[in-house]
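The structure presented is a predicted model; accordingly, all values stated were derived computationally and were not measured. Both counts, for ligands and for their atoms, begin at 1 and track the order of listing.
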Amino acid sequence: MPHQFDFLVIGSGIAGLSYATKLAMHFENQDQAVRIGVITKVQADETNTKYAQGGIAAVWSEDDSFEKHIEDTMVAGDFLSDRHIVEIVVREAPQRIHELIDYGTRFDKEHGGDDYDLAKEGGHSDYRILHFKDITGAEIERALLEKAHSLKSIEIFTHFYAVELITRHHLGETVHRYDNNNQCYGAYVLNTQTGQVEKFLAKTTLLATGGIGNVYQNTTNPSIATGDGIAMAYRAKGICKDMEFIQFHPTALYEPGKKPNFLISEAVRGFGGVLKNMSGETFMENYDARLSLAPRDIVARAIDSEMKKTGDPHVFIDVTHCDYDRFVEHFPNITAYCRDHLGLDLRKDFIPVVPAQHYMCGGVRVNEFGQTNIHFLYAVGECACTGLHGANRLASNSLLEAVVFGHRAYLKTVENLGQSVIPDSIPDWNDAGTTHPEELILVTEIQRELEAIMSNYVGIVRSNRRLKRAMDRLELLYLEHEELYRQSKVSVRICELRNMIEIAYLVIKAAMSRRDNRGLHFNLDNVKTATVETE
Ligand code: FAD
Ligand code: SIN
């Protein structure tokens, strides 16, 4: 028997849970019974959200203004952000954050007062980052999960892996990417405990599957970040946008061989931390007047260039001049990690850091209510491209985007209620003729090669030759993997790798098409364009 839901939410990070809780509260307030299924590929809190450190941005103090936050977002995005979307997100931010607080999220307050302690990060012209120590994401995830568990219409399915979206294609109809004639009816989902693929049918489906980090060798993202939602949507003829804009966080801890890379929050530089090269000299003055607090794309490129110039494997952040007690109070997690893993005493030792893949600015193209080009399919959070980030995301605008769009998608879902009908004729998953592969060494091998291709040729600094080489090599990996996929019963590893190959294809294709250097996309063969505002 298929599972039947009113609403299916794929992902239990801030995006999925914001949407699910809003819907559940809406119907429970009206005493209306609905079924909201939330699926998550491992345990519910293992999400990018849980690892967010710095915080969530919003205009909160009287000195600050919406106009300043809007401008900072536009500047960071190299003026490729959609100003209309930026205005929506910035203006709706305080209300959405008040709701998170109402759900029980704690944010740090200033000593002895009721005012929130606002931090500053790269690209922000004012103090506007609400945070809980340096584990803001874990606190938000905790509060949202508690809220979701308290709502009876939400059922959370852990260790369920979405393999494919169910669309008109599965009814034998032909759909085209730009024809606007496709509809989503839920997803085929692998129950990882039984190994069976089950039908999860739903009148409305939300993709909230997060990032793509594991396509790269170095990433701050946990292992769940394999771009599944974007790849599934693309295969279902969804439209993807801005895939060339991969954000590399400038300061991941340098720990060779470690994946994911532990993050040294940008808030550490906002607190006074200074970037230095391995000779102990500052270098940001050679790159940008905003020094260590320039937007991320600029700092990451500066570090990359510094490392290439000196031949050194990393640079440092120096916090030795900061008030240690206050530092530990704000950054207990970072202090403890540096001490326990590298034996560092931050009163006298510098922190070794390198850039690492951190965030996907592009994703499934959505409108101002999170609707994709496939009817009754929404996308919210890191897997979606709303137009907020343009060519580069401003720090702490991601958690914010997810709560704002979770809310907006919920509004549109309720408005469109009753318009979606699920046909009886949706077939079961067909795996006739497939077997369990005898060995998975090929999967490991392809994964390793994929990461190398993306890191060496599609990283911070690109060139036409590197991109072409990446595409040529990717094609071989694609062919090898497709053969394995066709012959094998589905497994999480095989499906994730298939999705990551598809993500790599979309990133390389988008990078090849962009002829100007904007924000995070830097191609040595492109003429540097002036940063001008575009409509
Ligand atoms: P996630 O939180 O990643 O949730 C994805 C969910 O989808 C998971 O439940 C996963 O299991 C599920 N899923 C994925 N694929 C499938 C599938 N096939 N089947 C079933 N389930 C699936 N942003 C900020 O704004 N401020 C910060 O301070 C900040 N710090 C960060 C620090 C780190 C180390 C990292 C990695 C990111 C940080 N970010 C920060 C970015 C931000 O955390 C993420 O962009 C955001 O949390 C994404 O939320 P999401 O709900 O879209 O996805
Ligand atoms: C950080 O704490 O540096 C991460 C902030 C972000 O990714 O927005």
Side-chain angles (χ1 to χ4, degrees), residues 8-19 38-57 76 119 121-124 129-132 134-138 140-141 144-145 156-165 187-190 192 200 206-213 219-232 247 249-253 260-270 296 331 334 356-361 363 379-384 389 393-403 405-406 492 495-496 499:
L8 175 64
V9 178
I10 308 178
S12 58
I14 186 170
L17 293 179
S18 298
Y19 174 81
V38 177
I39 64 169
T40 169
K41 59 165 119 165
V42 283
Q43 62 274 29
D45 71 345
E46 186 57 6
T47 57
N48 273 13
T49 301
K50 177 169 125 181
Y51 296 93
Q53 294 186 350
I56 183 162
E121 292 177 353
H124 287 274
I129 318 292
L130 288 108
H131 64 96
F132 181 69
D134 51 358
I135 49 167
T136 312
I140 293 176
E141 183 70 22
L144 276 171
L145 269 175
I156 301 185
F157 295 80
T158 59
H159 302 278
F160 278 74
Y161 179 86
V163 176
E164 215 65 274
L165 293 171
Y188 291 111
V189 178
L190 174 69
T192 63
F200 277 55
L206 175 92
L207 283 175
T209 47
I212 61 118
T219 178
T220 62
N221 292 189
S223 61
I224 55 113
T226 54
D228 298 342
I230 301 174
M232 281 190 288
Q247 184 169 75
H249 198 293
T251 58
L253 189 64
N261 297 71
F262 182 77
L263 184 70
I264 304 298
S265 173
E266 197 154 300
V268 168
R269 281 172 282 134
R296 266 179 208 174
F331 304 107
I334 290 174
Q357 191 287 342
H358 183 61
Y359 185 81
M360 165 47 95
C361 292
V380 172
E382 193 165 338
C383 70
H389 309 306
R393 174 175 69 92
L394 182 65
S396 290
N397 263 0
S398 167
L399 295 172
L400 176 61
E401 181 193 45
V403 271
F405 272 85
V492 173
C495 291
E496 284 184 338
N499 291 334

Asker: Mark up the atoms of ligand 1 that fall under 4.0 Å of a heavy atom belonging to Arg393, in ascending order.
Answerer: 23 (N), 24 (C), 25 (O)

Asker: Determine whether Pro260 and Asn221 make a side-chain contact, defined as any pair of heavy atoms from C-beta on separated by less than 4.5 Å.
Answerer: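 SC-SC contact between Pro260 and Asn221 ruled out.
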
Asker: Find out whether Phe262 and Ile334 are in side-chain contact, i.e. whether some heavy atom of one side chain is under 4.5 Å from a heavy atom of the other.
Answerer: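 Yes - at least one pair of side-chain heavy atoms lies under 4.5 Å apart.
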
Asker: Heavy-atom contact under 4.0 Å between Ile56 and ligand 1?
Answerer: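 False for this residue.
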
Asker: Below 4.0 Å, non-hydrogen atoms only: which portion of Asn397 touches ligand 1? Side chain, backbone, both or neither.
Answerer: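 Under 4.0 Å from ligand 1, Asn397 contributes backbone atoms alone.
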
Asker: What closest approach, in Å, do Ala187 and Leu8 show between heavy atoms, and which atom pair accounts for it?
Answerer: N-CD2, 3.9 Å

Asker: Answer with yes or no whether Ser396 contacts ligand 1, where contact means a heavy atom under 4.0 Å from a ligand atom.
Answerer: yes

Asker: Run the contact test for Leu263 against ligand 1 with a 4.0 Å cut-off on heavy atoms, strictly below, and give the result.
Answerer: yes

Asker: Check whether the side chains of His389 and Glu401 place a donor and an acceptor atom closer than 3.5 Å, and report yes or no.
Answerer: yes

Asker: Atom 6 (C) of ligand 2: which protein heavy atom is closest, and how many Å away?
Answerer: Arg296 NH2, 3.0 Å

Asker: At a 4.0 Å threshold, what atoms of ligand 2 neighbour a non-hydrogen atom of His358?
Answerer: 4 (C), 6 (C), 7 (O)

Asker: Using every non-hydrogen atom in the two residues, find where Ile129 and Ser396 come nearest and quote the distance to one decimal.
Answerer: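 Closest heavy-atom pair between Ile129 and Ser396: CG2-OG, 3.5 Å.
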
Asker: Look at the side chain of Lys41 and the backbone N and O of Ile224, then say whether any donor-acceptor pair between them is shorter than 3.5 Å.
Answerer: yes

Asker: Report yes or no: does Gln247 contribute a side-chain atom to a donor-acceptor pair with the main-chain N or O of Arg296 at less than 3.5 Å?
Answerer: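 No, because the side chain of Gln247 does not come within donor-acceptor range (under 3.5 Å) of the backbone of Arg296.
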
Asker: Would you check if His249 and Glu266 make a side-chain contact, meaning some heavy-atom pair closer than 4.5 Å?
Answerer: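 Contact flag for His249/Glu266 side chains = yes.
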
Asker: Do Ser12 and Asp45 come within less than 4.5 Å of each other through their side chains, counting heavy atoms only?
Answerer: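 Not in contact.
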
Asker: Would you check if Cys383 and Leu207 make a side-chain contact, meaning some heavy-atom pair closer than 4.5 Å?
Answerer: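 Yes, at least one pair of side-chain atoms sits under 4.5 Å.
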
Asker: Under 4.0 Å, counting heavy atoms only: does Gly137 come that close to any atom of ligand 1?
Answerer: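 Heavy atoms of Gly137 never come under 4.0 Å of ligand 1.
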
Asker: Relative to atom 1 (P) of ligand 1, which among Val403, Thr220, Asp45, Asn48 owns the nearest non-hydrogen atom?
Answerer: Asn48

Asker: Under 4.0 Å from a heavy atom of Gln53: which atoms of ligand 1 are those, numbered in the order shown and with their elements?
Answerer: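 So the answer, numbered in order with elements, is 28 (O), 30 (N), 31 (C), 32 (C).
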
Asker: Where is the nearest protein heavy atom to atom 3 (O) of ligand 2: which residue, which atom, and how far?
Answerer: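 For this ligand atom, the closest protein heavy atom is Glu266 N, 2.6 Å.
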
Asker: Asp228 heavy atoms, cut-off 4.0 Å: which ligand 1 atoms fall inside?
Answerer: 15 (N), 16 (C), 17 (C), 18 (N)

Asker: Check this for me - ligand 2, Asn397, N or O atoms closer than 3.5 angstrom, yes or no?
Answerer: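 Checking ligand 2 against Asn397, no N or O pair falls under 3.5 Å apart.
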
Asker: Could you tell me whether the side chain of Ile156 reaches within less than 4.5 Å of the side chain of Leu145, counting heavy atoms only?
Answerer: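 The answer is yes, as the side chains (C-beta and beyond) meet within the 4.5 Å cut-off.
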
Asker: Under 4.0 Å, counting heavy atoms only: does Ser398 come that close to any atom of ligand 2?
Answerer: no

Asker: What atoms of ligand 1 come within less than 4.0 Å of a heavy atom belonging to Gly54?
Answerer: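 The list of qualifying atoms is 28 (O).
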
Asker: Report, in ascending order of atom number, the atoms of ligand 1 lying under 4.0 Å from any heavy atom of Tyr359.
Answerer: 45 (O)

Asker: Examine ligand 2 and decide if any of its atoms is less than 4.0 Å from a heavy atom belonging to Ile264.
Answerer: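 For ligand 2, residue contact (heavy atoms, under 4.0 Å) with Ile264 is absent.
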
Asker: Within the structure, does Ile14 bring an N/O atom to less than 3.5 angstrom of an N/O atom in ligand 1?
Answerer: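 Between Ile14 and ligand 1 (N or O atoms, distance only) the closest approach is under 3.5 Å.
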
Asker: Does any N/O atom on Cys383 come nearer than 3.5 Å to any N/O atom on ligand 1?
Answerer: no

Asker: To check you understand the geometry: which heavy-atom pair defines the closest contact between Ala162 and Ile39, and what is its length?
Answerer: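 Closest approach of Ala162 to Ile39, heavy atoms only: CB-CD1, 3.9 Å.
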
Asker: Out of Ala384, Ala52, Ser18, whose heavy atom sits nearest atom 30 (N) of ligand 1?
Answerer: Ala52

Asker: Counting each atom of ligand 2 from 1 as listed, which ones have a heavy atom of Ala395 under 4.0 Å away?
Answerer: 8 (O)

Asker: List the closest protein heavy-atom neighbour of atom 2 (O) of ligand 2: residue, atom name, distance to the nearest 0.1 Å.
Answerer: Ser265 OG, 2.7 Å

Asker: Short N/O distance, under 3.5 Å, between Ser398 and ligand 1?
Answerer: yes

Asker: Is ligand 2 under 4.0 Å from a heavy atom in the side chain of Thr251, in the backbone, in both, or in neither?
Answerer: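 Answer for Thr251: neither.
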
Asker: Does one side chain, of His358 or Thr220, offer a donor that lies under 3.5 Å from an acceptor on the other?
Answerer: yes

Asker: What atoms in ligand 1 come closer than 4.0 Å to a heavy atom of Phe160?
Answerer: 19 (N), 20 (C)

Asker: Against heavy atoms of Ser12, which atoms of ligand 1 measure under 4.0 Å?
Answerer: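 Counting from 1, the qualifying ligand atoms are 6 (C), 8 (C), 9 (O).
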
Asker: Using a 4.0 Å heavy-atom cut-off, say whether His159 meets ligand 1 through its side chain, its backbone, both or neither.
Answerer: neither

Asker: Taking Ile10 as the fixed residue, which of Thr40, Leu165, Asp228 is the one that meets the side-chain contact (heavy atoms from CB on, under 4.5 Å) rule?
Answerer: Leu165

Asker: Could you see which bit of His358 sits under 4.0 Å from ligand 1, with heavy atoms only: side chain, backbone, both or neither?
Answerer: side chain

Asker: Please report the closest heavy-atom contact between Gly406 and Val380, naming both atoms and the distance.
Answerer: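 Heavy-atom minimum between the residues: N-CG1, 3.6 Å.
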
Asker: If you look at every heavy atom in Ala15 and Gly381, which pair is closest and at what distance?
Answerer: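 So the minimum-distance heavy-atom pair works out to CB-CA, 3.7 Å.
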
Asker: Number the atoms of ligand 1 from 1 as they appear, then name those within less than 4.0 Å of a heavy atom of Gly381, with their elements.
Answerer: 52 (O)

Asker: Can you give me the closest heavy-atom contact between Ala57 and Leu400, atom names plus distance?
Answerer: O-CD2, 3.2 Å

Asker: Any N or O on Ile10 sitting closer than 3.5 Å to an N or O of ligand 1?
Answerer: no

Asker: Between ligand 2 and His249, can you find any atom pair, the residue atom being a heavy atom, that is separated by under 4.0 Å?
Answerer: yes

Asker: Gln43 versus His159: any side-chain heavy-atom pair under 4.5 Å?
Answerer: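 With C-beta onward as the side chain, the pair touches.
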
Asker: Give yes if a backbone or side-chain nitrogen or oxygen of Leu394 is under 3.5 Å from a nitrogen or oxygen of ligand 2, and no if not.
Answerer: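 For ligand 2, there is no N or O atom that lies under 3.5 Å from one belonging to Leu394.
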
Asker: Could you identify the single nearest non-hydrogen protein atom to atom 8 (O) of ligand 2 and state the distance to 0.1 Å?
Answerer: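 Atom 8 (O) of ligand 2 sits closest to the protein heavy atom Ser396 N, 2.6 Å.
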
Asker: Donor-acceptor pair, distance only, cut-off 3.5 Å: does the side chain of Glu382 make one with the backbone of Met360?
Answerer: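 Yes: the side chain of Glu382 pairs with the backbone of Met360.
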
Asker: Considering non-hydrogen atoms of the protein only, which is the closest contact for atom 26 (N) of ligand 1, and what is the distance?
Answerer: Gly55 O, 2.7 Å

Asker: Please confirm whether Glu164 comes under 4.0 Å of ligand 1, counting heavy atoms of the residue only.
Answerer: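 False for this residue.
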
Asker: Report yes if some N/O of Asn221 lies less than 3.5 Å from some N/O of ligand 1; otherwise report no.
Answerer: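 Min N/O separation from ligand 1 is not below 3.5 Å for Asn221.
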
Asker: Any side-chain to backbone donor/acceptor pair from Thr49 onto Glu141? Under 3.5 Å, distance only.
Answerer: no

Asker: Does Asn261 use its side chain to pair, donor to acceptor, with the backbone of Ala252 at less than 3.5 Å?
Answerer: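 It does not hold such a pair.
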
Asker: Would you mind finding which of Ala15, Gly11, Ala208, Ala162 brings a heavy atom closest to atom 5 (C) of ligand 1?
Answerer: Ala208

Asker: Compute the shortest N/O to N/O distance between Tyr51 and ligand 1 and return yes if it is under 3.5 Å, no if not.
Answerer: no

Asker: Polar-atom distance check: Thr49 versus ligand 1, any N or O pair below 3.5 Å?
Answerer: yes

